[in-house]
Undergrad: 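Dropping a structure here in structure tokens format, bear with me for questions.
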Amino acid sequence: MSTLTSKDTDYAQWYNDLILKSGLAENSAVRGCMVIKPYGFALWENMRDELDKRFKETGHQNAYFPIFIPKSFLSKEAAHVDGFAKECAVVTHYRLKNDPNGKGVIVDPEAKLEEELIVRPTSETIIWSTYKNWIQSYRDLPILINQWANVVRWEMRTRLFLRTAEFLWQEGHTAHASKEEAIEETERMLDVYASFAEEFMALPVIKGVKSANERFAGAEETYCIEALMQDGKALQAGTSHFLGQNFAKAFDVKFADKDNKMEYVWATSWGVSTRLIGGLVMAHSDDQGLVLPPKIAPLHVVIVPIYNKDTVAREKIDSYANDLVKQLRSLGIRVKFDDDDSARPGWKFAEYELKGVPVRVALGARDLENNVAEVARRDTKVKSSLSLNNLATTLKDLLDTIQNDMYQKALHYREAHITKVDSWEAFENTLKNKGGFIAAHWDGTPETEEMIKSLTKATIRCIPLGNEQEEGVCVFSGAPSKQRVLFAIAY
RNA sequence: CGGGACGUAGCUCAGCCCGGUUAGAGUACACGUCUGGGGGGCGUGUGGUCGCUAGUUCGAAUCUAGUCGUCCCGACCA
């Protein structure tokens, strides 16, 4: 078994090795598309279940809309089509036939579609064309719908989980009678994302709004959560858009208010994707493999028996381990007793570290004699001998501790990588030598943002919510500024 | 779409420059055995149209041309 490329040697290679060797996903026969393997999909299922619960707690329902969108829909909202046109997969025909000149099949030229269909890159258009039929009165509002789906964006260059041509996500699409209510919804869902990321994935995030350049195509305001990876690059972990009346106007969706006046409907959309798995990996993992926060880990505890020739001792180990499994399960802990005799203990230790299982319990004859087990934490790699008395509850508490410690560690790292910068020289130096977020004054113009991006690749990740207002001058142009914004190089 | 690299066993790669028996190694896999507290030792064995096509040659993994594909760097990336 080969080892991973070290994080310090080549971060990108480390990431790729890790995804492949831990069995999360692999590349597929289709360029840019990945196969999500069972272990990777288990992560997604856990995230999905938790998010779904939180969406329903905030009053949303799931529905499903088609994967195909008539081409004409994309042209109805000008900014929207500008944003997505370059990366759309297009269906032009609906039939194949045998190649009359030889073997194989060809596209039947007689089966050309009257109007081409777009494979959804996002569903605003198909959904708002539907909402037009659903909304006549303020009594029909709000509509609070989410869908779990796949979308396709024909990216030039892809990376497992971080940017794939097809990815899984959820997209919420809500319709409201007032601007205030829509903004409230946009902010509510941003909070849902932020608390999910922090509580469930142990991923600290900064809530903010995007600059005009980085805004979603068709949105009036894009809220986001930004996370920091271990290489100092930022990752947009989720977005929540206030769409104003743009899509209502594009699809002519009006409602009669209480005074029987017709008004366009206000909209939001919000989404997170399988990209979050990439963020999870990059935020916590190390050179030995994945490090998973317990709440998201498919497996919380693995018990590895240490056998020897003594068959009586073996029976004792098995018996104790099976009992421990029962106790842990009754506490809601996902546990596996790996008594596979064909793999040796050392191999198993390495394997479960690669997989990021938060806690490993090693149990041998020697331990049983002393009434202890060797318990190893994945996050700190600390091993300790713990009493077998009440071991199950000890482990349950340990999992909570690990969840919390992982969040705190990531938080400390991020806090240590937000650098206040007041000169262009310091800006460039910080970016080059330290990375992370740079809090700097910006004159608020797209031109300055563009210049900074072309010079350094750094973009404005967000203008943090509740940002401190202070007088200053733009780090690039020297023009007056009232607040600092966060710059970073991003994935 | 520009620049670079690479396609040989399931995987990682050597061999190619300088053509010549039956194409190698590590790892994985199967069986046996000794083992078992950090990716075990020994033994036996399975596994290959050398990406594809055409050419040069008595002879091509090796040389030539074309082609397909992958990866990296750039451009692109709500």
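Values in this document were obtained by computation on a predicted structure and should not be read as measured data. Convention: sequence-line order gives letters A, B, ...; per-chain numbering from 1. All heavy atoms count here, side chains included; hydrogens, waters and symmetry mates do not.
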Undergrad: Give me the stems containing RNA chain B, sorted by first residue, counting only three or more consecutive Watson-Crick or G-U pairs with both distances under 3.5 Å; say none if there aren't any.
TA: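 When the pairs of RNA chain B are grouped into runs of at least three, the stems are B:1-7 with B:68-74, B:10-13 with B:24-27, B:29-34 with B:40-45, B:51-55 with B:63-67.
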Undergrad: Starting at atom CD of A:E26, determine the distance to atom P of B:rC11, rounded to an integer number of angstrom.
TA: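 Rounded to whole Å, this separation is 11 Å.
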Undergrad: Choose from B:rG38, B:rG37, B:rG39 the nucleotide whose nearest atom is closest to any side-chain atom of A:R366.
TA: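 Of all the options, the side chain of A:R366 is nearest to B:rG37.
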Undergrad: OP1 or OP2 of B:rU35 sitting under 4.0 Å from any side-chain N/O of A:K309?
TA: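 So the side chain of A:K309 is within the cut-off, an N or O lying under 4.0 Å from OP1 or OP2 of B:rU35.
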Undergrad: Classify A:A362 by what it touches in the nucleic acid, base, sugar-phosphate, or nothing, heavy-atom distance under 4.0 Å.
TA: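 Counting heavy atoms under 4.0 Å across all strands, the contact made by A:A362 includes a base.
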Undergrad: How would you list, by chain and number, every residue that makes a side-chain contact (heavy atoms from CB on, under 4.5 Å) with A:Q245, sequence neighbours excluded?
TA: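 A:Q245 satisfies side-chain contact (heavy atoms from CB on, under 4.5 Å) with A:K249, A:E263, A:Y264, A:W266 only.
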Undergrad: Would A:E184 and A:R188 count as a salt bridge (charged side-chain N to carboxylate O under 4.0 Å, His left out) here? Give the steps.
TA: CA-CA 6 Å; A:E184 197 181 305; A:R188 177 184 303 118; 3.2 Å; yes
Undergrad: Measuring from A:E185:CD to A:L190:CG, what's the distance to the nearest 0.5 Å?
TA: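 If we round to the nearest 0.5 Å, A:E185:CD and A:L190:CG are 11.5 Å apart.
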Undergrad: Please pick, from B:rG36, B:rG39, B:rC76, the nucleotide with the shortest atom-to-atom distance to any side-chain atom of A:W347.
TA: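 Per side-chain heavy atoms of A:W347, the pick is B:rG39.
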Undergrad: Using the C1' atom on both, measure B:rG37 against B:rG47 and round to a whole Å.
TA: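 It works out to 35 Å between them.
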Undergrad: Does a side-chain N or O from A:K86 land closer than 4.0 Å to OP1 or OP2 of B:rC77, or not?
TA: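 Yes, within the criterion.
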Undergrad: Is the A:Y131-A:H173 ring centre distance short of 6.0 angstrom?
TA: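 Ring-ring flag for A:Y131/A:H173: false, centres at least 6.0 Å apart.
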Undergrad: Mind checking what makes side-chain contact (heavy atoms from CB on, under 4.5 Å) contact with A:E116, not counting sequence neighbours?
TA: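 Expected list: A:K71, A:V90, A:T92, A:K112.
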Undergrad: For B:rC52 and B:rG69, measure between their P atoms and round to the nearest Å.
TA: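 To the nearest whole Å, 15 Å.
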Undergrad: Name the nucleic acid region contacted by A:R275, choosing base, sugar-phosphate or nothing; use a 4.0 angstrom heavy-atom cut-off, strictly under.
TA: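 A:R275: no heavy atom of the nucleic acid under 4.0 Å.
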Undergrad: With sequence neighbours excluded, tell me which residues meet side-chain contact (heavy atoms from CB on, under 4.5 Å) with A:D341.
TA: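 Partners of A:D341 by the side-chain contact (heavy atoms from CB on, under 4.5 Å) criterion, ordered by chain and then number, come out as A:Y307, A:R314.
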Undergrad: Give me the distance, rounded to whole Å, that separates B:rC16 from B:rG7 when you measure between the P atoms they each carry.
TA: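 B:rC16 and B:rG7 have their P atoms separated by 13 Å.
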Undergrad: Find the distance A:E374:CD to B:rG38:P and express it as a whole number of Å.
TA: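 It works out to 9 Å between those atoms.
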Undergrad: If you check the A:M156 side chain, which of B:rG36, B:rA75, B:rC77 turns out closest?
TA: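 Of the candidates, B:rA75 comes closest.
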Undergrad: Let's see if you can work this out: which of B:rG36, B:rG38, B:rG39 has an atom nearest to the side-chain heavy atoms of A:K383?
TA: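 Of the candidates, B:rG38 comes closest.
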Undergrad: Using the P atoms only, state how far B:rU8 lies from B:rU53, rounded to an integer number of Å.
TA: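 Roughly 15 Å separates the two P atoms.
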Undergrad: Return the CG to OH distance between A:D231 and A:Y15, rounded to the nearest 0.5 Å.
TA: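 Output value for this atom pair is 11.0 Å.
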Undergrad: Specify the separation, in whole Å, of atom CG of A:D10 and atom P of B:rC72.
TA: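 My rounded result for the distance is 10 Å.
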Undergrad: In this structure, how many angstroms lie between the P atom of B:rC76 and the CG atom of A:L162, rounded?
TA: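 About 19 Å, once rounded to whole Å.
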Undergrad: Which comes earlier along RNA chain B counting from the 5' end, the contact point of A:N27 or that of A:A373, where each point is its nearest nucleotide?
TA: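 The residue closer to the strand's 5' end, by nearest nucleotide, is A:A373.
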Undergrad: What is the distance from NZ of A:K348 to P of B:rG40, rounded to the nearest Å?
TA: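 About 12 Å, once rounded to whole Å.
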Undergrad: For A:R344 and B:rU35, what is the distance between atoms CZ and C1' respectively, to the nearest whole Å?
TA: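 Taking atom C1' of B:rU35 as the reference, CZ of A:R344 is at 6 Å.
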Undergrad: Thinking salt bridges, do A:K7 and A:D17 make one under a 4.0 Å N-O criterion?
TA: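 Between A:D17 and A:K7 there is no salt bridge, as every charged N stays at least 4.0 Å from the carboxylate O atoms.
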Undergrad: Would you indicate which nucleotide in B:rG37, B:rG39, B:rC1 comes nearest to any side-chain atom of A:D367?
TA: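 The answer is B:rG37, which lies nearest to the side chain.
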Undergrad: Provide the distance between the two P atoms, one in B:rC50 and one in B:rA9, to the nearest whole Å.
TA: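 10 Å, rounded to whole Å.
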Undergrad: For the P atoms, the ones on B:rA65 and on B:rG24, what distance do you get once it is rounded to whole angstrom?
TA: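 The same atom, P, in both gives a distance of 29 Å.
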Undergrad: Counting only heavy atoms and a strict 4.0 angstrom limit, can you tell me which residues of residues 62-84 of chain A come near RNA chain B?
TA: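 The answer is A:F84.
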Undergrad: Output all residues satisfying side-chain hydrogen bond (donor to acceptor under 3.5 Å, both in side chains) with A:D339, sequence neighbours left out; order by chain, then residue number.
TA: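 Scan of A:D339 (side-chain hydrogen bond (donor to acceptor under 3.5 Å, both in side chains), adjacent residues dropped) gives none.
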Undergrad: On RNA chain B, compare the nucleotides closest to A:E214 and A:L363; which residue's is nearer the 5' end?
TA: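 By nearest-heavy-atom nucleotide position, the 5'-most residue is A:L363.
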Undergrad: Suppose you measure atom C1' in B:rA5 against the same atom in B:rG38; what distance do you get, rounded to whole Å?
TA: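 Taking atom C1' in both B:rA5 and B:rG38, they lie 37 Å apart.
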Undergrad: Whole Å only: how far is the CD1 atom of A:I317 from the P atom of B:rG36?
TA: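 From A:I317 CD1 to B:rG36 P: 13 Å.
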Undergrad: Establish, yes or no, whether a centroid distance under 6.0 Å links the rings of A:W128 and A:H80.
TA: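 Not close enough - the centres of the two rings lie 6.0 Å or further apart.
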Undergrad: Taking the P atom in each of B:rU46 and B:rC1, what is the distance between them to the nearest angstrom?
TA: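 Comparing P positions in B:rU46 and B:rC1 gives a spacing of 47 Å.
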Undergrad: Does NZ or CZ of A:K132 come closer than 6.0 Å to the centre of the six-membered ring of A:F251, within 45° of the ring's axis?
TA: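 No, A:K132 does not sit over the ring of A:F251.
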Undergrad: Rounding to an integer number of Å, can you tell me how far A:R159 CZ sits from B:rG74 C1'?
TA: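 Checked: the CZ to C1' distance equals 15 Å.
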